Amino acid sequence: MYKNILVAVDGSENNKLAVKAAVGLAKEFGAKLTAIYVENVGYRLHPNVAIQEDPLKNADAVFEFIKSYSAEQGVEVQYKVAIGHPGESITDLTPDYDLVVCGTLGRSGLKKAVLGSVSEMITRFSDCPVLLIRSPRA
């Protein structure tokens with residue numbers, strides 16, 4: 001069913017559920033899995049990944065979890081790094097994939113309006129199906 005899966009990674013704790021889902025789907029379907037990290041220069045949604053002079057240095061820290069988890073599961077992953085708006089950068093890649101997996105914090109109202117929603121943008125403008133993985137509520 002799925003031959004080419006893209007998973008959006010951002011280095012947050014919430015994102016680990018999306019990574020696990022994407023790795024599991026890739027393993028189940030024998031699909032190629034690509035992880036993408038987009039450095040949104042000048043604005044950080046997740047403060048656990050520091051802004052640095054060279055934004056590409058963050059990619060190693062962001063990819064750390066998927067590298068270890070996919071190795072445990074025996075799933076090979078390709079890695080992409082982009083600089084720009086995460087929603088736009090990911091959406092631009094969707095014609096090349098059968099499925100996009102991304103996490104969502106489930107924000108609504110003012111928080112969503114102020115922070116924007118990368119997952120909503122991907123869902124609205126993707127050229128392929130999108131699987132949103134929501135973190136359990138505290």
Side-chain angles (χ1 to χ4, degrees):
M1 182 172 190
Y2 301 114
K3 295 179 182 176
N4 224 353
I5 299 172
L6 180 66
V7 61
V9 297
D10 65 9
S12 70
E13 281 298 312
N14 293 325
N15 188 247
K16 289 181 180 180
L17 293 173
V19 166
K20 288 181 178 181
V23 169
L25 287 167
K27 186 173 183 175
E28 180 75 24
F29 290 108
K32 292 180 184 176
L33 180 60
T34 302
I36 182 163
Y37 166 64
V38 182
E39 177 65 44
N40 191 354
V41 178
Y43 182 72
R44 302 289 314 146
L45 282 177
H46 300 289
N48 58 325
V49 178
I51 295 174
Q52 299 180 6
E53 285 183 29
D54 178 2
L56 299 181
K57 288 182 181 178
N58 285 328
D60 286 336
V62 170
F63 289 138
E64 189 175 302
F65 178 75
I66 191 169
K67 284 181 180 180
S68 64
Y69 186 75
S70 63
E72 286 174 17
Q73 300 300 311
V75 173
E76 198 171 305
V77 181
Q78 296 177 348
Y79 299 92
K80 290 184 182 248
V81 178
I83 298 174
H85 183 277
E88 291 174 9
S89 298
I90 294 166
T91 301
D92 288 347
L93 295 175
T94 62
D96 298 329
Y97 293 90
D98 303 314
L99 178 69
V100 176
V101 180
C102 63
T104 182
L105 296 173
R107 288 189 179 110
S108 62
L110 184 58
K111 283 185 181 179
K112 182 177 174 184
V114 171
L115 295 174
S117 175
V118 172
S119 59
E120 181 181 354
M121 183 176 207
I122 295 168
T123 302
R124 293 180 105 195
F125 299 108
S126 175
D127 289 317
C128 67
V130 177
L131 175 61
L132 297 179
I133 305 297
R134 177 176 273 185
S135 298
R137 294 181 185 214

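Model, not experiment: these values are computed from the prediction. What's counted below: heavy atoms across the whole structure, side chains too, no hydrogens, waters or symmetry copies.
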Output the distance between atom [atom1] ([X]) and atom [atom2] ([Y]), rounded to the nearest 0.5 Å.
{"X": "Leu33", "Y": "Leu99", "atom1": "CG", "atom2": "CG", "value": "10.0 Å"}
{"X": "Ile90", "Y": "Tyr37", "atom1": "CD1", "atom2": "OH", "value": "11.0 Å"}
{"X": "Leu93", "Y": "Thr34", "atom1": "CG", "atom2": "OG1", "value": "9.0 Å"}
{"X": "Arg134", "Y": "Leu17", "atom1": "CZ", "atom2": "CG", "value": "12.5 Å"}
{"X": "Ile5", "Y": "Lys32", "atom1": "CD1", "atom2": "NZ", "value": "12.5 Å"}
{"X": "Ile36", "Y": "Gln78", "atom1": "CD1", "atom2": "CD", "value": "12.0 Å"}

For the residue pair Cys102 and Ile133, establish whether any side-chain heavy-atom pair is separated by less than 4.5 Å.
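Answer no - side chains too far apart.
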Do Asp98 and Cys128 have side-chain heavy atoms sitting under 4.5 Å apart?
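No - every pair of side-chain heavy atoms lies 4.5 Å or more apart.
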Side chain Asn40, main chain Gly87, donor-acceptor under 3.5 Å:
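Looks like no, no N/O pair under 3.5 Å.
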Donor-acceptor check, side chain of Thr94 to backbone of Thr91, threshold 3.5 angstrom: yes or no?
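Judged by distance alone, yes, a pair lies under 3.5 Å.
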Residue pairs involving residues 70-104 (criterion ring pair (Phe, Tyr, Trp, His ring centres under 6.0 Å); sequence neighbours excluded):
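Of all non-adjacent pairs touching residues 70-104, those that pass ring pair (Phe, Tyr, Trp, His ring centres under 6.0 Å) are Phe63-Tyr79.
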Can you give me the closest heavy-atom contact between Ile66 and Ala35, atom names plus distance?
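Nearest heavy atoms, Ile66 then Ala35: CD1-CB, 3.8 Å.
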Which atoms form the tightest heavy-atom contact between Asp127 and Pro95, and what is the distance?
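Closest pair (atom of Asp127, atom of Pro95, distance): OD2-CG, 3.0 Å.
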When the side chains of residues 18-31 are checked against the rest of the protein, which donor-acceptor pairs come out under 3.5 Å, sequence neighbours left out?
unit_1	atom_1	unit_2	atom_2	d
Lys27	NZ	Gln73	O	3.2

Count the heavy atoms belonging to other residues, nucleotides or ligands that lie under 6.0 Å from CD of Glu72, then report whether that count exceeds 12.
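Yes, because the 6.0 Å sphere around CD of Glu72 holds more than 12 heavy atoms from other groups.
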Should the heavy atoms of other residues, nucleotides or ligands under 6.0 Å from NZ of Lys67 be counted, would the total exceed 12?
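Yes, the 6.0 Å shell around NZ holds more than 12 heavy atoms from other groups.
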Could you tell me which residues satisfy salt bridge (Lys or Arg N to Asp or Glu O under 4.0 Å) with Lys16, sequence neighbours excluded, listed by chain and number?
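Lys16 satisfies salt bridge (Lys or Arg N to Asp or Glu O under 4.0 Å) with Glu13 only.
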Check whether the side chains of Asp10 and Ser12 place a donor and an acceptor atom closer than 3.5 Å, and report yes or no.
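Side chains of Asp10 and Ser12: pair found under 3.5 Å.
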Indicate if Leu132 and Phe125 have the same hydrophobic cluster label, given that clusters are the connected sets of ILVMFWY residues with side-chain heavy-atom separations under 4.5 angstrom.
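Result: no, two separate clusters.
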